[in-house]
Undergrad: 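Got a structure for you, questions after.
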Amino acid sequence: MYNQEKIKPYSGQGEKAQQVEEMFDNIAPTYDRLNHRLSWNIDRGWRKKAIKALAPFNPQTMLDIATGTGDFAILAAQMLKPQQLIGADISEGMMAVGRQKVEKLGLSDVISFQKEDCLALSYPEETFDAVTAAFGIRNFQNLDQGLKEMCRVLKKGGHLSIVELTTPVSFPMKQLFHIYSHTVLPLYGRLISRDKSAYSYLTATIEAFPQGERMVEILHRAGFAEASFRRLTFGICTMYFATK
């Protein structure tokens with residue numbers, strides 16, 4: 001078990017997955033506004049880099065894990081022009097926001113949303129050309145199992161592209177990020193989302209999540225033949241790219 005798997009959004013009883021679903025349902029109406037403001041809109045650039053890494057392979061069937069409100073799925077559909085892109089998530093509240101955005105953009109014929117347990121996906125083996133995840137695998141109750149499932153549903157030679165929040169490793173960004181993530185982020189998140197636990201949970205999982213070389217080892221153990229990482233914006237975010 002990795003440290004972030006022990007961290008739950010709320011102090012009450014219940015599995016982590018149930019609490020994560022409840023948390024995202026609670027913050028869904030304000031999630032997009034908060035997400036972009038708290039990252040100064042840099043998160044869009046991180047997503048673009050992860051999508052560009054897939055461009056040379058021209059994926060036609062894609063799965064976006066922990067899709068949330070669909071920002072990554074929408075950008076991927078616009079940039080890569082796949083035939084089909086499924087956004088999978090445990091939070092119906094988040095996906096409801098995503099469906100509205102997709103319909104407004106006229107992308108409903110390409111993007112669909114499905115409620116899925118990311119640790120036990122309903123799709124057959126070797127279904128997708130590419131699997132993506134943006135800022136979601138940190139919430140998995142079992143990281144190894146979630147990554148194995150992502151590998152299982154990928155076609156042989158298919159690609160996984162992940163962006164995840166991480167803690168900077170170098171001075172002075174490491175110290176500045178610590179101050180920001182422990183003061184501004186939870187306070188502002190609490191004021192806007194009205195959920196006093198959600199953004200404190202976010203900080204705790206970022207710090208506990210395995211990153212860099214350790215994450216590459218975990219990807220190899222999950223079944224990926226090749227895996228690499230690239231730190232973005234002084235290490236606030238890390239992109240992982242893997243091939244089955």
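Nothing here was measured: the structure is a model prediction, and the numbers come from that model.
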Undergrad: Look at atom NZ of K155 and say whether more than 12 heavy atoms of other residues, nucleotides or ligands are closer to it than 6.0 Å.
TA: yes
Undergrad: According to a hydrophobic-cluster definition based on side-chain heavy atoms being under 4.5 Å apart (Ile, Leu, Val, Met, Phe, Trp, Tyr only), do F234 and F229 belong together?
TA: no
Undergrad: With a 4.5 Å limit on heavy-atom distance, are the side chains of K104 and R99 in contact?
TA: no
Undergrad: Using only heavy-atom distances, determine whether the side chains of H159 and E226 contain a donor-acceptor pair under 3.5 Å.
TA: no
Undergrad: Let me see the working for I74 and V102 under side chain to side chain contact (heavy atoms under 4.5 Å, CB included), right down to the final yes or no.
TA: CA-CA 7 Å; I74 289 167; V102 165; 3.9 Å; yes
Undergrad: Tell me, with the steps shown, if C118 and F140 meet side chain to side chain contact (heavy atoms under 4.5 Å, CB included).
TA: CA-CA 8 Å; C118 295; F140 283 179; 3.8 Å; yes
Undergrad: May I ask you to check whether Q141 and E5 show a side-chain donor-acceptor distance below 3.5 Å?
TA: no
Undergrad: Ring-plane angle category for F24 and Y31, please: parallel below 30°, perpendicular beyond 60°, tilted otherwise.
TA: perpendicular
Undergrad: Considering all heavy atoms of both residues, which atom of P9 and which atom of S197 are nearest to each other, and what is their separation?
TA: O-CB, 3.1 Å
Undergrad: Which heavy atom of G235 sits nearest to which heavy atom of T166, and what is that distance?
TA: O-OG1, 2.8 Å
Undergrad: If you take all heavy atoms of P210 and L143, which pair is closest and at what distance?
TA: CG-CD2, 3.9 Å
Undergrad: What verdict does the side chain to side chain contact (heavy atoms under 4.5 Å, CB included) test give for I137 and M150, after you've listed the backbone C-alpha separation in whole Å, the side-chain angles of each residue and the deciding distance to 0.1 Å?
TA: CA-CA 11 Å; I137 63 171; M150 293 160 87; 4.3 Å; yes
Undergrad: M94 and V97: side chain to side chain contact (heavy atoms under 4.5 Å, CB included), yes or no, with the steps?
TA: CA-CA 5 Å; M94 295 284 278; V97 175; 6.0 Å; no
Undergrad: If every non-hydrogen atom of V216 is compared with every non-hydrogen atom of A227, which pair is closest and at what distance?
TA: CG1-O, 3.7 Å
Undergrad: Taking the side chain as every heavy atom from C-beta outward, state whether K101 and T69 have any pair of such atoms under 4.5 Å apart.
TA: yes
Undergrad: For atom NZ of K52, decide whether the heavy atoms of other residues, nucleotides or ligands shown that lie under 6.0 angstrom number more than 12.
TA: no
Undergrad: How close do A53 and M239 get, counting heavy atoms only, and between which atoms?
TA: CB-CE, 4.5 Å
Undergrad: Kindly say whether A88 contributes a backbone atom to a donor-acceptor pair with the side chain of E116 at under 3.5 angstrom?
TA: no
Undergrad: Output the distance between atom CD (E103) and atom CD1 (I111), rounded to the nearest 0.5 Å.
TA: 12.5 Å
Undergrad: Do we see a donor-acceptor contact under 3.5 Å between the side chains of Q114 and Y123?
TA: yes
Undergrad: Determine, step by step, whether E22 and K8 satisfy the salt bridge (Lys or Arg N to Asp or Glu O under 4.0 Å) criterion, reporting the C-alpha distance in whole Å, the side-chain angles of both residues, the deciding distance to 0.1 Å, and the verdict.
TA: CA-CA 11 Å; E22 179 186 349; K8 299 178 182 180; over 6 Å; no
Undergrad: Salt bridge check, R214 against E217: does any charged N sit closer than 4.0 Å to a carboxylate O?
TA: no
Undergrad: Please work out whether the ring planes of F241 and F57 are parallel, tilted or perpendicular, with thresholds of 30° and 60°.
TA: parallel
Undergrad: Is the closest side-chain heavy-atom distance between K244 and E126 below 4.5 Å?
TA: yes
Undergrad: Verify the distance criterion only: is there a donor paired with an acceptor across the side chains of D144 and Y2 at less than 3.5 Å?
TA: yes
Undergrad: Can you name the nearest heavy-atom pair linking I90 to K115, along with the distance?
TA: O-CE, 3.2 Å
Undergrad: Any chain of hydrophobic side-chain contacts (each under 4.5 Å) joining V169 to F177?
TA: no
Undergrad: Hydrophobic cluster membership, with links at side-chain heavy-atom distances under 4.5 Å among I/L/V/M/F/W/Y: are L54 and F224 in one?
TA: no
Undergrad: Measure the spacing between OG of S112 and CG of L107 and express it to the nearest 0.5 Å.
TA: 12.0 Å
Undergrad: Indicate yes or no: at least one non-hydrogen side-chain atom of M62 is less than 4.5 angstrom from one of I86.
TA: no
Undergrad: Measure the CG-CD1 distance between D89 and I65 for me, rounded to the nearest 0.5 Å.
TA: 9.0 Å
Undergrad: Check whether any side-chain heavy atom of V110 lies under 4.5 Å from a side-chain heavy atom of Q83, and answer yes or no.
TA: no
Undergrad: Measuring from atom NE2 of H178 to atom OG1 of T203, what distance do you get when rounded to the nearest 0.5 angstrom?
TA: 9.5 Å
Undergrad: Can you check whether E15's main-chain N or O pairs, donor with acceptor, with Q18's side chain at less than 3.5 Å?
TA: yes
Undergrad: Measure the spacing between CH2 of W46 and CD1 of I51 and express it to the nearest 0.5 Å.
TA: 14.5 Å
Undergrad: Which pairs pass side-chain hydrogen bond (donor to acceptor under 3.5 Å, both in side chains) with one or both residues in residues 57-68, sequence neighbours excluded?
TA: N58-Q60, T61-D129, D64-T67, D64-T132
Undergrad: Hey, does the side chain of E149 reach the backbone of L121 with a donor-acceptor pair shorter than 3.5 angstrom?
TA: yes
Undergrad: When rounded to the nearest 0.5 angstrom, what is the spacing between NZ in K49 and SG in C237?
TA: 9.5 Å
Undergrad: Keeping the roles fixed (side chain from D25, backbone from S91), state whether a donor-acceptor pair exists under 3.5 Å.
TA: no
Undergrad: Counting C-beta onward and ignoring hydrogens, is there a side-chain heavy-atom pair between Y240 and I218 closer than 4.5 Å?
TA: no
Undergrad: Do T238 and F209 make a side-chain contact, defined as non-hydrogen atoms from C-beta onward lying under 4.5 Å apart?
TA: no
Undergrad: Only one of R231, R138, R47 passes salt bridge (Lys or Arg N to Asp or Glu O under 4.0 Å) with E164; say which it is.
TA: R138
Undergrad: Could you check if a side-chain atom of Q4 sits within less than 4.5 angstrom of a side-chain atom of I206, using non-hydrogen atoms only?
TA: no
Undergrad: Is there a chain of hydrophobic side chains (I, L, V, M, F, W, Y, each step under 4.5 Å between heavy atoms) that links F72 to L85?
TA: yes
